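Report on the structure given below.
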Amino acid sequence: MPLSDPLPKNYEYREVEARWQQIWKDEDHYFQADSEKPQFVIDTPPPYPTGEFHIGNAFNWCYIDFIARYKRMKGYNVMFPQGWDCHGLPTEVKVEETHKITKNDVPRQQFREMCRTLTIGNIEKMRASMRRMAFSIDWSHEYITMMPYYYGKTQLSFLRMMKAGQIYQSDHPVNFCPRCETAIAFAEVNYSDRTTSLNFFNFDGVEIATTRPELLAACVAVAVHPEDKRYAGKKDTSLKVPIFGHEVSIITDEAVDPSFGSGAVMICTFGDKQDVIWWRMHNLPLRKAIDKTGKMTDIAGKYAGMTTRDCRKAILADMEEQGILIRQQPLEQRVGTCWRCKTPIEILSENQWFVRIPHEAALKAAKEVKWYPEHMFLRMENWIEQMEWDWCISRQRLFATPIPVWFCKDCGEVIIPEEAELPVDPTVDQPKKPCPKCGGTSFAPETDVLDTWMDSSISVLHVTGWDGSQKTPPLFPAQIRPQGHDIIRTWAFYTILRAVSLTGGKPWEQILVNGMVLGEDGFKMSKSRGNVTVPEEILSQYGADSLRQWAAAGASTGSDIQFNWNDVVAANRFLTKMWNISRFALMQLSRESYHEKAPVTALADRWLLARLDQTVREVSDAFETYLFDKGLRAIREFAWDVLADNYIEIVKGRLYGGAGRDGACVAIQTALNSLCRMLAPYTPYFAEEVWSAAFEGSVHKQPWVDFAYTDQQALADGQMLVRIVTEVRRYKHDKNLALNAPLGTVTVYTPDIIDDAGDGSLALNCTLQFRAGKPELKQIVSGVSFAMGIIGPALRGQAKAFMQAIEALPRDQLIQLPKMVTVGTEEIPIPEGSVIPQMSYTVAGAAVEIITAQDDLIITVEQKM
RNA sequence: GGGCUCGUGGUCUAGCUGGUUAUGACGUCGCCUUGACAUGGCGGAGAUCCUGAGUUCGAAUCUCAGCGAGCCCA
């Protein structure tokens, strides 16, 4: 064993972490294509390359890395790929800001190139943080969605689904962000509260309340409740729209709330989602009053060209002038906003591309996946069941995967490329053949691009080796998807949908859902709140291993986790403690040679190994079910409480003294070895540093701990030994004695005699003798306790009265319990073992002093005079 | 308005398939520099387990209602 150099006094995480980062090789974590081992493929989330790896990412990746490292040690062929979900609006916005341009100021291709350059730089920065965190990523399986090799697959998946009839083009109302000038999906709509004014006005004799007067030009009907007596007989009569003058009918619909305003509502195309429902149900005409840039269209007459805001003011002013504006009142409402730019969305009817939602198949696949924690499945179920519209996948932006389609200028036919031609950019490339329908040779490119989720929702297909040549990719399905609960309805759902549509099966066997990271104040981290902590700050103050422990132990799996410096500091202290334990262990093991195969016979040594056995099982179980907090707690308890505070203190004398030293050395060596392995997934730097000082090779190449040691007697007696030590410590403390002060003869009375191999005497600096049974002292009953586990089931409703009866008995009767007791008017038998008298003792003579007197443990001391 | 999750010492947190003295950390108080560690050891104080009702012999744990928080959705 390489034990020549003692460990330095302090654990310098800065030096250690930097050093191992240099020594470890990327290849150590590569997935081996030709391996015999069972595969464990992780469908890692591809983060958006903002340039900053934030604490939410760090938290998520810690979970992934715990799993990857554990599974490797368990003998799996692990793939921990790393993707980058590049496309999207934030990068476009950043480029516009940086270059002080708008997307239309430069050629399309040049703008996209600027986006790519920015993205590459951002990825570079984030990779550095991830390496510092010691994430065991397989960099040979990195993917960047903006690269041709990836977006070609996105396009291929588009064509396949289109050919299968799962993707279609349609004129349909969609959520539209006028600021981003693009359609967005429901998943991208957020809702926020705002106060607006509800305007009551005279609509050709009917009072109408509306929050959107600017949509008057788009009014296509007025609706009332069928039972509303105020409008009885008015059904199908027509009204003249004020200001604009076109005629609309009165229709009836159950969904109108008669108690809201006047009970009559104007239907416009489109003010909100309800308008869309009515529009479709009643087959109403379409009047587009707002265009894609949020300006009024020609049908708005003199208001054309105004923004919706200006138009609202102008129309309200005109209504007032005409004397038809009755009154206005404030109204709290929730308005849909674009999740990226917070602009209120409009619902516009535009020609867009859609993916059909296969509700049943998606739900079935979602059910087949094992969810951790289980209840997260409900979120998916609720989402799928309430989806009404298909998924709008076209976007009117630039930095995204192009939709691989042209239109024949002569006949309008949709032209698609051969799969072998992919990737294509229809705004650059041309179809290779004339139009199959009319033979035309001039084409218009589809300038719309794909929703970014179209890229990221095939991550699992990409990492499992999908290239379109096979129905099921070679490594499909992946074993696990780790992700946050915020993207269940997006990434998780879309991935299931795409896997079902393209392969017919579930994408992963398991999904592990982690919580959100909240700030120290318990609120979501946000710059405006000033409660943001970045991983780099934690890394530079306490190191990666401490941050990783916070992620593991800060909250149970699935719960949101509050960031907390205390936990990071505590994690750091644990490393210090563990370091000193390791130093002590290595010092002992190298101080003098010992027999590595020596039998372990002393009680303390057997107790340590039996407790280690328990710990190993607990930690292994925790990893199998992804309860990382539980695993780390078990390790800490074993290392700190069992090993350091009790075991080492108890056997120190034997380690220095000589006799029985071998067994202790074997026990310590075994414990240290196991601890390093169990810590390896949590604290890879620390575990490697200690392992390399004590053992051969890399801890990360070791198999998971395979240790079994069952010894019930040692567990019980060891625990008793710990109690004895604790009691004597307390006694010395109470007597203001130093803990190593000599104590004369201490006698321990327990039901069965304990053989501590002389450890107790050395540890407590006294002559410790063990006796079975009870001492010759004056016994008194100080109280009584009950075994509820016996009394409850045996006596049910009589339990309380029974206990009261027992407590009412004279205390001295409890030493020899009677067989029966009177409860109320009834004599009932006392169940075996149900009543436990609490004994205490007094000193008969002055010779001994009592340290403690409990039911099963009495300790006396005979002070040397 | 609906769904999900949660409410435990000053702070954060475990337990929550009902049954010893409710776990641990941070903080706090006292004692101790003992040959791994003062970034430590030992000991202590500190909890109406959000409120109310119910089920039960027994509730932090199960049920219902209320209050409050977070997330997701309408």
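What you see is a predicted model; the values in this text were computed from it and never measured. Values reported hereafter were calculated over all heavy atoms of this structure, with side chains retained and with hydrogens, waters and symmetry mates removed. Naming: A, B, ... by sequence-line order, numbering from 1 per chain.
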Checklist entry - What nucleic acid atoms does A:Ser559 come within less than 4.0 Å of, heavy atoms only: base, sugar-phosphate, or nothing? => result nothing
Checklist entry - Is the distance from OP1 or OP2 of B:A14 to the nearest side-chain N or O of A:Ser556 less than 4.0 Å? => result yes
Next on the checklist: With a cut-off of less than 4.0 Å, is there a side-chain N or O of A:Lys732 near OP1 or OP2 of B:C31?
Outcome noted: no
Checklist entry - Could one point to a donor on the side chain of A:Gln549 or the base of B:A25 with an acceptor on the other under 3.5 Å away? => result no
Checklist entry - Any idea which heavy atoms bring A:Ser546 and A:Val568 closest together, and the distance? => result CB-O, 3.9 Å
Checklist entry - With both distances under 3.5 angstrom, what nucleotide forms a Watson-Crick or G-U wobble pair with B:U55? => result none
Next on the checklist: What's A:Asp645 touching, base or sugar-phosphate or nothing? Going by heavy atoms closer than 4.0 Å.
Outcome noted: sugar-phosphate
Item to check | Between C1' of B:G43 and CD1 of A:Ile851, the distance in whole Å | outcome: 15 Å
Next on the checklist: Students often get this wrong, so: under 4.0 angstrom with heavy atoms, is A:Trp550 touching a base, only sugar-phosphate, or nothing?
Outcome noted: nothing
Next on the checklist: Regarding A:Leu378, tell me which of base, sugar-phosphate or nothing describes its non-hydrogen contacts under 4.0 Å with the strands shown.
Outcome noted: sugar-phosphate
Next on the checklist: Within the 4.0 Å heavy-atom criterion, would you say A:Tyr11 contacts the bases, only the backbone, or no part of the nucleic acid?
Outcome noted: nothing
Next on the checklist: Strictly distance-based, threshold 3.5 Å: is any side-chain N or O of A:Asp560 a donor or acceptor partner for the main-chain N or O of A:Gly515?
Outcome noted: no
Checklist entry - Should A:Arg730 be listed as having a side-chain N or O under 4.0 Å from OP1 or OP2 of B:G44? => result yes
Checklist entry - Could you give the CD-to-P distance, from A:Gln562 to B:U5, as a whole number of Å? => result 20 Å
Item to check | Whether over 12 other heavy atoms sit under 6.0 Å from A:Glu385 CD | outcome: yes
Next on the checklist: Under 4.0 Å, heavy atoms only, any strand: does A:Arg379 hit a base, just the sugar-phosphate, or nothing?
Outcome noted: base
Checklist entry - Reckon A:Ala553 touches a base, only the sugar-phosphate, or nothing at all at heavy-atom distances under 4.0 Å? => result nothing
Checklist entry - Roughly, in whole Å, what's the span from CG in A:Asp567 to P in B:C12? => result 11 Å
Next on the checklist: Using a heavy-atom cut-off of 4.0 Å across all strands, would you classify A:Gln386 as base, sugar-phosphate, or nothing?
Outcome noted: sugar-phosphate
Checklist entry - Atom CD1 of A:Ile650 and atom C1' of B:G41: how far apart are they, to the nearest Å? => result 14 Å
Next on the checklist: For B:G1, give the paired nucleotide (Watson-Crick: N1-N3 plus N6-O4 or O6-N4; G-U: N1-O2 and O6-N3; both under 3.5 Å), or none.
Outcome noted: B:C73
Checklist entry - Is any side-chain nitrogen or oxygen of A:Arg573 closer than 4.0 Å to OP1 or OP2 of B:C26? => result yes
Checklist entry - According to a strict under-4.0 Å criterion, is A:Lys577 in side-chain N/O contact with OP1 or OP2 of B:G41? => result yes
Checklist outcome for this item: Of A:Lys9 and A:Met803, the one whose nearest nucleotide on RNA chain B sits closer to the 5' end is A:Lys9
Checklist entry - Can you say whether the rings of A:Trp565 and A:Phe563 are parallel (under 30°), tilted (30 to 60°) or perpendicular (over 60°)? => result perpendicular
Checklist entry - OP1 or OP2 of B:U11 less than 4.0 angstrom from a side-chain nitrogen or oxygen of A:Trp565, does that happen here? => result no
Checklist entry - A:Arg633 CZ to B:A22 P: how many Å, rounded? => result 18 Å
Next on the checklist: Here's a test of your reading of the structure: between A:Gln798 and A:Leu518, which maps to the more 5' nucleotide of RNA chain B?
Outcome noted: A:Gln798
Checklist entry - Can you check side-chain hydrogen bond (donor to acceptor under 3.5 Å, both in side chains) on A:Asn580 and A:Arg583, steps first, answer last? => result CA-CA 5 Å; A:Asn580 282 303; A:Arg583 278 180 66 210; 3.1 Å; yes
Checklist entry - What is the distance from CZ of A:Arg583 to C1' of B:A38, rounded to the nearest Å? => result 14 Å
Checklist entry - Just by distance, do the side chain of A:Gln669 and the backbone of A:Leu586 share a donor-acceptor pair under 3.5 Å? => result no
Checklist entry - When we call it a touch if two heavy atoms are under 4.0 Å apart, what does A:Arg636 touch: a base, just sugar-phosphate, or nothing? => result nothing
